[in-house]
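Lettering of chains follows the sequences in order, A, B, ..., and the numbering in each one begins at 1. Keep in mind that the numbers below use all heavy atoms, side chains included, and drop hydrogens, waters and symmetry copies.
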Amino acid sequence: MSATDAGVIVAAVLTLAIFSFLYRDNPFYRFAESLLVGVSAGYYVVHYFDSGVVHKFWVPVVQQKQFWLLPGGLLGLLMLARLWPRVQWISRFAIAFYVAAWSGYLIPSVLQERILKQVAGSLLPAAGSASLGAFLGAALVLCGVVAILVYFYFSAEHRGLAGRVSRVGILVLMLGFGASFGYTVMGRLSLLIGRFQFLFQDLPASLRHLSH
Amino acid sequence: MPNRDPIVMTVAQEVIRDAYAAVGRAERFDANDIYYTTQSQFGYAAAVCGVMLRERTATHFFIGHFYAEALVLAETGNATGAIQIAGTDADSQLPFFICACDYTLIGEELYAGSVYLSREPLLLGALKGQDAAKAAILAILLIGSLLSLFGVAPGRWLGAGGTP
Amino acid sequence: MKRTGPVLLGFLVGMLMLIQYFTPNRWIEARYNNVLDWKQVVFGVTLILGVLSLLLHHGRLIRRRASGWGYSWVTVAGLSVMIVAGVLRGKEHGPYPWMFEYVQSPMQATLFALLAFYVASASYRAFRARSLPAGLLLIAGVIVMLGRVPLGEMIGFHAGERFYSLATLSDWVLAVPNLAAKRGIMIGVGLGMTATAIKIILGIERTYLGKGA
Amino acid sequence: MAPTGSAWHEGLSRVDRRVLFLAVAAAVALPLLFPLNLPIRISQEARAFHREMEGVAPGRVILLSFDYEPDTMAELDPMSLAVLRHAFGRGVRVVAMTTYAGGVGIAERILAQAAAEAGKSYGTDYAFLGYNPDYSATMLRIGESLRGAYPTDNYGRPTDELPLLQGVDRYAEIPLVVTISASALSEYWVIWAGGKYHARIIAGNTAIQAVLIYPFLQTGQLAGMLGGLKGAAEYERLVGRDGAGVRGMDAQSLAHFLIVLFILLGNLGYLLQRRVRARETRV
């Protein structure tokens, strides 16, 4: 029996163990769940160490003599201080470095890509430059975005005009969430189709190999 | 409080320890209540569902950023009959929280909620700042659209031409 | 030192990463690259830390014979087998890739596929048109679901030479109301992220540093 | 004393979950055993995705990022395989990477399959850089230097020695970035790689993520997009090699109609109950 066929059979048994959770929580499922938690944690720690420490630090510093990476190693060690409560405060330097670096490079890119370009994309096209249908669509998008921004405007009470506009905002939001719901159902079912394709196609193939 | 992200776990332990201390019950704080389960998304969802089903918790708070496990948590929690309050900025998960939870904070309402509860001057200031920015964006949208109706293309000033 | 040190370091690093966006200066660009490399190493160590705390958590369960400690043995066993296999035989051959391919992958995929069943039961039991907004959510969901599959694309009518089907309606729902909704949320959340980032750099937001910061 | 008239719709709302589960299993399993081969309509986003891939000159190197883990491989494996078949078929070279530790095993399996089919050799026609922790730092670091972000490839070989990467070190030298992503990774590629470095990006997404990135399609920050297994099926048809995407479409159709039926039945039961309750309170 090849490693692949054995693997497919083990995979099929574990797949059924996870599906058994649908009937109810049972030892067969809990064994599979615990095995998954352990195996995936083991997989991740080997990869994190291999890529984060070996490939990204040890090899470049030792073999390629890139000593500019040494402070990174030091900050990594500072993070390990979290393991001992008495010196836990040392790890704050590593956390502060990590979170502040992320915050620094976030501001310009998020402002440009998630805000400015989106606002630019919501402006109406010049009159006559777009077909009636496209222009109508752009106008509806503009109204939708304006209404939603009013809905998320917290400094003023939503009464009168602002109240009606924010009411339109929540309705547009719901149409958007409806589209998300439809697509999410599509995605989930595709994953189930994938598992059934495994059970109905890959598993029988391996079992046939065994019977020869 | 099961956790899926090691950094969030360490921060959560600190924040909850401070919260216990703030109400004078520092002795009730047990660091083991805030633990790490797994980085694997679904190992985490299964672990949390197990806690909800086994310990019959009365109230579930799903606060933060969620991915696909949101539906598993909300559906299982709904089945146990617990009160469920959700707040997330993951708009792909909001339809399920809206349908399966008693109340859902949508996107920014989550941040505004913490400001409303804490009345923290610093947080309040940040909220006011964001609202001012929204007012500015609303102005740009309306004025910009009027301008572009008459042939002036304000999109260029906003970096719309950024893509090669 | 315990408090101002991290906040000062955060301010310096945050400003460096902010300024690099706007200047072609070689020195700043070099330090920007360094910070990116260091950040990846720190994140790698943090992730390892997370797994260690998982090991400690399950170790405690085993020691205390807490309920379900037998399952903790399975978790610790799975973790150890993977680490030993990874260290001894490497990532490319032996039990390590085999366990990923035939133990971790199928189970992770199946756990996700469970959602298809949960979505079905939620559709039947939880998705009620209690109010106008909830009703709109369901109508949009049904339109998009039917319009994106072959069977649904055949339902429609001919007007002139064009065939208008559920797919055309679902394309419109995705390209107009859905686009406006996602864009509205995106702008708001983008502002929130920017505000939080500014507070972190200026040291106003320190909760992530924990007690006494 | 519950009015007798409400008996059958009381039953409607008290159907056991497991009956629903069996119905879903049947709706998905039957079409896999008895295919219907329904026609597939191609969307504009998928045509744009295909056009972008066609626009890359043979011999150039594109960046393909496997940004997903085994939990969504059913939706995304068909896309990554189709992208590799399309690229290798046109003589386009591929440097692959992943921002998920769980993506390494997937990338190796699909790269090996596509390279074997097309007779491509590692190091010259394609390479795999593996996983780097912290995706935002990785995406930005690639903007400065691909070899700086990945000093070695997934197998420990220094990236300076890979023939594939000679003359390819920044987004400017990469005509197209293709991300096959599960969660918000396609959005992050737009923010980090598109923001400062103006990379040209197309994204293959899970259905749930696809619906979130329509704003980026409209502004052109994303040049093309595939959405879910339907997107994979559309692209497979455009590339001319049917695969798991096309094979799954019949089951997808049947299952969707079943879910819509559940929603209608659930709401029917709910409305009837409300009318019965309203009549009771008036009595």
Side-chain angles (χ1 to χ4, degrees), chain A residues 7 10-11 14-15 18 30 34-43 45-46 48 52 56-57 68 72 75-76 79 89 92-94 96-98 100-101 103-108 110 114-115 118 137 140-141 144-145 148 152 172-179 181-182 185 188-189 191-192 195, chain C residues 2 6 9-10 13-14 17-18 21 34-35 38-42 44-45 47-48 51 54 71 74-75 78-79 82-83 86 99 102-104 106-107 110 112-113 115-117 119 133 136-137 140-141 144-145 173-174 176-178 180-181 183-184 186-188 190 193-194 197 200-201 208-209:
Chain A
V10 165
L14 292 173
T15 298
I18 299 286
R30 292 205 45 206
S34 309
L35 183 62
L36 172 62
V37 169
V39 168
S40 57
Y43 175 86
V45 79
V46 168
Y48 295 149
K56 198 64 201 176
F57 179 74
W68 266 109
L75 285 164
M79 186 59 99
W89 63 275
R92 284 200 195 130
F93 286 93
F97 163 79
Y98 179 86
S103 305
Y105 62 69
L106 172 135
I107 294 172
V110 162
R114 283 193 97 166
I115 295 175
Q118 297 305 323
L140 286 174
V141 166
V145 173
I148 289 168
F152 285 121
V172 174
L173 277 173
M174 285 302 162
L175 285 176
F177 291 147
F181 165 66
V185 169
R188 302 300 175 242
L189 290 168
L191 300 178
L192 181 60
R195 292 322 297 155
Chain C
K2 288 190 180 180
L9 173 68
V13 169
M17 298 306 274
L18 181 58
Y21 192 85
N34 295 145
V35 168
W38 302 343
K39 184 167 181 282
Q40 288 177 46
V41 176
V42 169
V45 171
L47 293 170
I48 294 164
V51 177
L54 171 79
Y71 294 113
V74 174
T75 301
L79 183 67
M82 284 302 269
I83 291 176
M99 295 274 282
Y102 298 111
V103 172
Q104 180 176 338
M107 283 206 281
T110 310
F112 222 104
L115 275 168
F117 295 103
V119 151
L136 278 178
L137 191 150
V144 167
M145 255 195 298
V173 167
L174 286 163
V176 178
N178 170 62
R183 179 167 282 165
M186 185 186 292
I187 290 174
M193 286 167 78
T194 310
I200 287 171
I201 295 175
Y208 65 92
L209 288 178

Asks: For chain C, which of Leu75(A), Leu14(A), Val110(A) has the most heavy-atom pairs under 4.5 Å?
Replies: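 Sorted descending by pairs with chain C, the first entry is Leu14(A).
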Asks: Looking only at heavy atoms, what is the nearest atom pair of Ala140(C) and Ala179(A), with distance?
Replies: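 Residues Ala140(C) and Ala179(A), closest heavy atoms: CB-N, 4.1 Å.
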Asks: Sort Trp68(A) into side chain, backbone, both or neither according to what part of it lies under 4.5 angstrom from a heavy atom of chain C.
Replies: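 Both backbone and side chain of Trp68(A) come within 4.5 Å of chain C.
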Asks: Find the one option among Gly52(A), Ala96(A), Gly144(A) whose heavy-atom pairs under 4.5 Å with chain C are most numerous.
Replies: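 Max contact count across the listed options: Ala96(A).
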Asks: Do you know which two heavy atoms are closest between Gln104(C) and Leu36(A), and how far apart they sit?
Replies: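 The answer is O-CD1, 3.9 Å.
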Asks: Given heavy-atom pairs under 4.5 angstrom as the criterion, report whether the side chain, backbone, both or neither of Leu189(A) touches chain C.
Replies: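 Both backbone and side chain.
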Asks: Please report the shortest heavy-atom distance between Phe112(C) and Leu191(A), naming the atom on each side.
Replies: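 Scanning both residues completely, I find the closest heavy atoms to be CD2-CD1, 2.8 Å.
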Asks: Residues two or more places apart in sequence or in another chain: which of them pass side-chain hydrogen bond (donor to acceptor under 3.5 Å, both in side chains) with Arg114(A)?
Replies: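 Arg114(A) satisfies side-chain hydrogen bond (donor to acceptor under 3.5 Å, both in side chains) with Glu187(D) once adjacent residues are dropped.
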Asks: Could you tell me which of Ser34(A), Ala101(A), Ala100(A), Gly137(A) has the largest number of non-hydrogen atom pairs under 4.5 Å with chain C?
Replies: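 Most pairs with chain C among the choices: Ser34(A).
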Asks: Between Gly188(C), Gly190(C), Gly86(C), which shows the greatest number of heavy-atom pairs under 4.5 Å with chain A?
Replies: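 The option with the most such pairs is Gly190(C).
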Asks: Where on Val103(C) is there a heavy atom nearer than 4.5 Å to chain A: the side chain, the backbone, both, or neither?
Replies: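 Contact with chain A: backbone and side chain both.
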Asks: With heavy-atom distances below 4.5 Å as the criterion, would you say the side chains of Met107(C) and Leu35(A) are in contact?
Replies: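 The answer is yes; the side chains approach within 4.5 Å.
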Asks: Go through the structure and list residues passing side-chain contact (heavy atoms from CB on, under 4.5 Å) with Pro108(A), not counting sequence neighbours.
Replies: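 Only Leu18(C), Tyr21(C), Phe22(C) meet the side-chain contact (heavy atoms from CB on, under 4.5 Å) criterion with Pro108(A).
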Asks: Would you mind reporting whether Ile148(A) and Val172(A) have side-chain heavy atoms less than 4.5 Å apart?
Replies: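 Val172(A) vs Ile148(A): side chains touch.
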Asks: Tell me, for Leu9(C) versus chain A, whether the close heavy atoms (under 4.5 Å) come from the side chain, the backbone, both or neither.
Replies: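 The side chain, not the backbone.
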Asks: Against chain A, work out which of Pro177(C), Gly184(C), Ala181(C) has the most heavy-atom pairs shorter than 4.5 Å and name it.
Replies: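 So the answer, after comparing Pro177(C), Gly184(C), Ala181(C), is Ala181(C).
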Asks: Quick one: CD on Gln40(C) to OH on Tyr98(A), what's the gap to the nearest 0.5 Å?
Replies: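 The distance works out to 10.0 Å.
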Asks: With side chains defined as the heavy atoms from C-beta onward, is the minimum distance between Ile107(A) and Ile201(C) less than 4.5 Å?
Replies: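 Heavy-atom side-chain distance check passes, below 4.5 Å.
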Asks: With a 4.5 angstrom heavy-atom cut-off, could you sort out which part of Ile83(C) is near chain A: side chain, backbone, both or neither?
Replies: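 It is both, since atoms from each part get that close.
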Asks: With chain C, which of Tyr105(A), Phe57(A), Phe181(A), Phe177(A) has the greatest number of heavy-atom pairs at distances under 4.5 Å?
Replies: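 Most heavy-atom pairs within the cutoff with chain C belong to Tyr105(A).
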Asks: Between Met82(C), Met17(C), Arg183(C), Met145(C), which residue shows the highest count of heavy-atom pairs closer than 4.5 Å to chain A?
Replies: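 If we count pairs closer than 4.5 Å to chain A, Arg183(C) comes out on top.
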Asks: Specify the closest pair of heavy atoms between Ala113(C) and Arg195(A), including all atoms of both residues, with the distance to one decimal.
Replies: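 Minimum heavy-atom separation between Ala113(C) and Arg195(A): CB-CG, 3.6 Å.
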Asks: Mind ranking Ile48(C), Thr110(C), Val176(C), Ile187(C) by heavy-atom pairs under 4.5 Å with chain A and telling me who comes out on top?
Replies: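 Going by pairs under 4.5 Å, I would pick Thr110(C).
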Asks: At a heavy-atom separation under 4.5 Å, does Phe152(A) approach chain C through its side chain, its backbone, both, or neither?
Replies: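 Side chain of Phe152(A) only, per the 4.5 Å heavy-atom cut-off to chain C.
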Asks: What residue in Leu136(C), Val119(C), Val173(C) has the most heavy-atom pairs under 4.5 Å with chain A?
Replies: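 Most pairs with chain A among the choices: Leu136(C).
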